[in-house]
Amino acid sequence: MKRRNFIKLSAMGTAAVAVSACENSLIGQKQSTILNFPISSPKIISTWNHGLAANNKAWEVLNKNGSALDAVEQGVRTTESDESNRSVGLGGLPDATGKVTLDACIMDHKFNCGSVSFLQNIENPISVARKIMEETPHVMLSGKGAYNFAIEKGFKHKELLIPETKLAWEKLMSSNSQKKPQINSENHDTIGLLAIDNKGNISGACTTSGWAYKLHGRVGDSPIIGAGLYVDNEIGGACATGLGEAVIKICGSHTVVELMRQGHSPNNACKLAVERIIKSNENLEGLQVGFIALNKKGEYGAYSVYSGFNYALKDESSNKMIDAAYEMEW
Ligand code: GLY
């Protein structure tokens, strides 16, 4: 069968594959017809406008026939290494003690996943997450253990607090004020990126420096498989951005993927997950959360609690920003 025609089916045939997919379904719902349609040509979707550069890098990989896994890793590394970005990797805003602590995770088309949380002094946590996935029996390493593992694997120690962010932190500390995260298009948080390669396989990556000036030791949704990111290659993938505490409470990205499994479009699945965020939080003031989703057919969508969330979409013809639909005006 040709690549763009139908998903490769095992020798057991379509029916057997559909039955086994149904049995594997975590929610026990009847499998939708989602297994039986033309698969997508390569496509990339990522959160916020830093996604444009990440998409371009990821596309270079896909264009050379690379895997979605390589594409998502290379894509978000661009954001992690971008010193001008205040919410991811190098140049990210520190915690309340002035330390930049990073969270990241990666997931491929076979449910393999790797994750780092509370990692310091390593510029590209996403690549450490991938090494954990590929070279250890674990999914997640945290803190000093994750750092030691990274150094052992050849990653370099790096000071991630740059002069501008050090100054901003010192100013805030001297003002003695509490800082609530302001998460929107001018002050975004987290890059989540999903890609489909030319075999139709989906992978995802998610990386952040988290809530600016958070308590030392705080970990958000971004390194938690099922919260910040989830991929089921039969269905699609989803990523979250925004207030991690709210995303963790509803296992956000996994929820979006399961809603797509039930037959919802990516857009509607993101909307339903946002509605669940709204239902599960009494105080919604400033509580911005956004989801992006991409299904096996290449359909994509996004939805956020408040206006102001946007995402970058790359395909053969363009790399462009799209404003997400939302529930309330910011
Ligand atoms: N969404 C990123 C965080 O809350 O840390």
Side-chain angles (χ1 to χ4, degrees), residues 45-51 54 76 79-80 85-97 99-107 115-120 125-126 129 140 142-143 146 160 165 178-194 204-230 237-256 270 273-274 276-277 280-281 283-293 302-306 308-311 324:
I45 179 172
S46 59
T47 55
W48 306 111
N49 58 3
H50 49 211
V76 303
T79 324
E80 289 177 336
N85 188 308
R86 293 285 167 268
S87 63
V88 182
L90 177 67
L93 287 166
D95 68 13
T97 68
K99 302 271 190 300
V100 180
T101 73
L102 306 177
D103 296 336
C105 73
I106 191 161
M107 190 161 186
S115 155
V116 282
S117 64
F118 192 50
L119 176 64
Q120 296 177 51
I126 200 66
M140 180 186 273
S142 188
L160 303 176
T165 51
Q178 282 268 305
K179 184 108 175 138
K180 270 193 90 171
Q182 292 290 310
I183 306 158
N184 237 328
S185 52
E186 299 79 36
N187 185 20
H188 37 64
D189 106 309
T190 312
I191 180 147
L193 187 147
L194 301 160
C206 184
T207 175
T208 189
S209 52
W211 182 337
Y213 314 120
K214 61 199 171 189
L215 287 179
H216 187 63
R218 181 262 188 189
V219 169
D221 60 315
S222 302
I224 299 177
I225 297 295
L229 167 71
Y230 197 71
C239 290
T241 179
L243 199 71
E245 282 74 2
V247 178
I248 293 170
K249 279 201 218 172
I250 67 145
C251 299
S253 294
H254 183 261
T255 295
V256 172
C270 293
V274 161
R276 209 172 287 185
I277 294 265
S280 57
N281 287 278
N283 183 3
L284 291 169
E285 200 198 318
L287 194 163
Q288 176 64 309
V289 167
F291 293 105
I292 56 170
Y303 206 86
S304 55
V305 176
Y306 286 102
F309 174 44
N310 54 13
Y311 61 101

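One-based numbering along the sequence shown. For clarity, every value in this text was computed on a predicted model and none was experimentally measured. Each ligand, and each atom within it, is numbered from 1 in the order the structure gives.
- For K99 (side chain) and Q120 (main-chain N/O), no donor-acceptor pair under 3.5 Å exists by modelled atom type.
- Looking at residues two or more places apart in sequence or on another chain, you find no salt bridge (charged side-chain N to carboxylate O under 4.0 Å, His left out) involving R276.
- With rounding to the nearest 0.5 Å, the separation of SG in C239 from CD1 in I45 is 8.5 Å.
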For ligand 1, list all ligand N or O to protein N or O distances below 3.5 Å, rounded to 0.1 Å.
unit_1   : atom_1 : unit_2 : atom_2 : d
ligand 1 : 1 (N)  : D189   : OD2    : 3.0
ligand 1 : 1 (N)  : T190   : OG1    : 3.2
ligand 1 : 1 (N)  : D221   : OD1    : 2.7
ligand 1 : 1 (N)  : G242   : O      : 2.6
ligand 1 : 4 (O)  : R218   : NH2    : 2.9
ligand 1 : 4 (O)  : D221   : OD1    : 3.4
ligand 1 : 4 (O)  : G242   : O      : 3.2
ligand 1 : 4 (O)  : G244   : N      : 2.8
ligand 1 : 5 (O)  : R218   : NH1    : 2.7

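- Partners of T101 under the side chain to side chain donor-acceptor pair (under 3.5 Å) rule, at least two apart in sequence or in another chain, are K214.
- Every side chain to side chain donor-acceptor pair (under 3.5 Å) that S46 has, sequence neighbours left out, goes to N55.
- Side-chain atoms of D103 and S117 include no donor-acceptor pair closer than 3.5 Å.
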